[in-house]
Amino acid sequence: MVEQLLSKIQNPKSEIPQVALESTVIAHGLPSPHNLETARACESAVRESGASPATIGIIAGEPVIGLSETQVQEIASRTDVAKVNLANLGAIIAQRRWGATTVASSLYFAAQAGIQVFATGGIGGVHRGAADSFDISADLTALARFPVVTVCAGAKAILDLPKTMEVLETLGVPVVGYQTDELPAFYSRSSGWELDLRADSPAEIAAIAAEHWRLGFTTSVLVVAPVPVADEVSADELRDEIEAALIAATKQNITGKSVTPFLLSRVAARTEGRALRANIALLKNNARIAGQIAVAFSKQEP
Ligand code: PSU
Ligand code: MN
């Protein structure tokens with residue numbers, strides 16, 4: 001499986017450091033045409049940092065690490081693309097279906113392929129009301145399993161952030177603020193949750209991750225980078241919209257894999273696109289930082 005996967009990376013032997021990118025955000029996270037535009041912009045942001053992007057997806061049952069432009073287009077436009085985590089990955093491949101990788105399954109493939117850095121928007125986490133619904137994203141247990149630096153803008157604001165942080169701590173996943181002392185809250189830069197780890201440069205992140213793995217730990221290192229100031233939507237402004245979206249989800253009986261896409265699209269629609277703009281901006285920002293971290297890894301002393 002590993003060799004088979006490695007042969008599918010566009011530059012398997014290249015010296016250029018690679019950054020893995022996910023595809024659920026393309027298929028289920030952003031509306032058309034922003035999904036395709038953002039996928040392209042994230043790949044460009046990785047390249048501008050001096051690294052090479054590898055967007056991951058399942059094309060008719062074939063896992064591909066480094067989707068071609070046409071494949072990204074198909075993932076963005078088809079309506080039969082499954083949201084793939086670790087529980088359904090085998091089945092999607094066996095049934096020759098199309099799949100978009102979440103943080104969980106992207107981390108799996110990145111680790112298999114030896115890619116050290118991965119970028120997403122916001123990780124999944126513990127949902128509000130999880131005590132009743134038991135809805136805790138498979139992203140969290142995947143972060144505990146795969147030794148890949150994950151760059152995000154925190155967990156999505158629709159989640160229960162304190163509970164998400166508690167689970168990450170329990171799982172032994174370091175959460176490092178990138179140029180911040182506070183956990184960012186996806187659309188907004190602040191959450192009120194103080195972090196105990198901070199790094200101010202890509203080289204510092206690479207050093208922290210290298211030491212974490214040298215100790216024998218095999219978890220992800222989660223880098224949390226705030227959305228750029230110009231595109232931020234404040235948590236105060238979004239509070240009511242998020243509450244309303246959660247109530248609508250319950251009323252409409254939205255469960256399982258549909259919860260996150262439903263909430264994100266509802267909040268985007270109700271904020272005149274401002275939440276959407278923030279989401280796009282943070283995705284590009286994270287891709288850029290991930291590229292810089294990949295370059296920093298390649299410059300590290302062995
Ligand atoms: N970041 C975004 N938008 C998204 C996601 C991340 O800005 O849609 C996706 C990721 O693929 C993540 C998934 O793994 O949302 C989480 O889904 P769930 O809460 O159902 O586990
Ligand atoms: Mn869920």
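For the single chain, residues carry numbers from 1 onward in sequence order. Predicted model only: the values in this text are computed from it and were never measured.
- A donor-acceptor pair under 3.5 Å is formed between the side chain of Thr24 and the backbone N or O of Thr102.
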Name every donor-acceptor pair, under 3.5 Å, that has one atom in a side chain of residues 285-295 and the other anywhere in the protein, sequence neighbours excluded.
from, atom 1, to, atom 2, distance (Å)
Asn285, OD1, Arg288, NH2, 2.6
Asn285, ND2, Pro226, O, 3.4
Asn286, ND2, Thr120, O, 2.8
Asn286, ND2, Gly121, O, 3.3
Asn286, ND2, Leu282, O, 3.2

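- Heavy-atom contacts from other residues, nucleotides or ligands closer than 6.0 Å to NZ of Lys284 number 12 or fewer.
- Note on Val25 and Val64: same hydrophobic cluster, where clusters join Ile, Leu, Val, Met, Phe, Trp and Tyr whose side-chain heavy atoms are under 4.5 Å apart, directly or indirectly.
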For residues 137-161, dump all side-chain donor-acceptor pairs below 3.5 Å to protein atoms at least two apart in sequence or in another chain.
from, atom 1, to, atom 2, distance (Å)
Ser137, OG, Asp139, N, 3.0
Asp139, OD1, Ala104, N, 3.2
Asp139, OD2, Gly124, N, 2.7
Thr141, OG1, Ala138, O, 3.2
Thr150, OG1, Ser220, OG, 2.9
Lys156, NZ, Gly122, O, 3.1
Asp160, OD1, Lys163, N, 3.1
Asp160, OD2, Lys163, NZ, 2.9

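- Between the CZ atom in Phe118 and the CG atom in Leu107 there is a gap of 5.5 Å [rounded to 0.5 Å].
- Separating the CH2 atom in Trp98 from the CD atom in Glu62 is a distance of 11.0 Å, to the nearest 0.5 Å.
- For residues 244-268, no residue pair satisfies the salt bridge (Lys or Arg N to Asp or Glu O under 4.0 Å) rule, not counting sequence neighbours.
- Contacts of Glu37 classified as salt bridge (Lys or Arg N to Asp or Glu O under 4.0 Å), with partners at least two apart in sequence or in another chain: none.
- Shown here for Ser190 and Ala185, the closest heavy-atom pair between the two residues is O-CB, 3.7 Å.
- Glu48 pairs by the side chain to side chain contact (heavy atoms under 4.5 Å, CB included) definition with Ser44, not counting sequence neighbours.
- In this structure a side-chain-to-backbone donor-acceptor pair under 3.5 Å is present from Ser234 to Glu237.
- The closest donor-acceptor contact from the side chain of Trp213 to the backbone of Thr219 lies under 3.5 Å.
- Side-chain N or O atoms of His127 include none that pairs as donor or acceptor with a backbone N or O of Thr260 at under 3.5 Å.
- Applying the salt bridge (Lys or Arg N to Asp or Glu O under 4.0 Å) criterion to Asp196, with sequence neighbours excluded, gives no partner residue.
- To the nearest 0.5 Å, the span separating CD on Glu166 from CH2 on Trp193 amounts to 4.5 Å.
- Hydrophobic cluster membership for Val229: none, as no Ile, Leu, Val, Met, Phe, Trp or Tyr side chain comes under 4.5 Å of it.
- A salt bridge (Lys or Arg N to Asp or Glu O under 4.0 Å) check over residues 207-232, counting only residues at least two apart or in different chains, returns the pairs Glu211-Arg214, Asp231-Arg277.
- No donor-acceptor pair closer than 3.5 Å links the side chain of Ser52 to the backbone N or O of Ile16.
- Between the side chain of Ser23 and the backbone N or O of Thr101, at least one donor-acceptor pair lies under 3.5 Å.
- Of the residues Leu21, Asn35, Leu36, the one that meets the side chain to side chain contact (heavy atoms under 4.5 Å, CB included) test with Ile26 is Asn35.
- Looking only at distances, a side-chain donor or acceptor of Ser191 sits under 3.5 Å from a matching main-chain atom of Leu183.
- When the side chain to side chain contact (heavy atoms under 4.5 Å, CB included) test is applied to Leu246, the partners found at least two apart in sequence or on another chain are Arg128, Ile242, Leu263.
- Checked by atom type and distance alone, the side chain of Gln300 pairs as donor or acceptor with a backbone atom of Ala206 at under 3.5 Å.
- Here salt bridge (Lys or Arg N to Asp or Glu O under 4.0 Å) pairs that include residues 169-192, with residues two or more places apart or in two chains, are Asp181-Arg198.
- Here CZ of Phe134 is found 7.5 Å from CD1 of Ile136. Values are rounded to the nearest 0.5 Å.
- No continuous path of ILVMFWY side-chain contacts below 4.5 Å connects Val223 to Ile123, so the two sit in separate hydrophobic clusters.
- For His212, the ring pair (Phe, Tyr, Trp, His ring centres under 6.0 Å) partners two or more places apart in sequence, or in a different chain, are Phe217.
- In the hydrophobic clustering of ILVMFWY residues, with side-chain heavy atoms under 4.5 Å counting as a link, Phe297 and Phe109 come out apart.
- Under a hydrophobic clustering in which Ile, Leu, Val, Met, Phe, Trp and Tyr are joined whenever their side-chain heavy atoms come within less than 4.5 Å, directly or via other members, Leu30 and Leu238 fall into the same cluster.
- What you find for Ala54 and Gln18 is that their closest heavy atoms are CB-OE1, 3.6 Å.
- Residues Ala199 and Ile205 come closest through the heavy atom pair CB-CD1, 3.6 Å.
- Using a cut-off of 4.0 Å between Lys/Arg side-chain N and Asp/Glu carboxylate O, Arg47 and Glu43 are scored as salt-bridged.
- Separation of atoms CG (Leu222) and OH (Tyr178) is listed at 14.5 Å; rounding is to 0.5 Å.
- By the side chain to side chain contact (heavy atoms under 4.5 Å, CB included) test, Thr218 is found to be paired with no residue, residues two or more places apart in sequence or in another chain being considered.
- Between the OG1 atom of Thr271 and the CG atom of Leu276 there is a distance of 7.5 Å, given to the nearest 0.5 Å.
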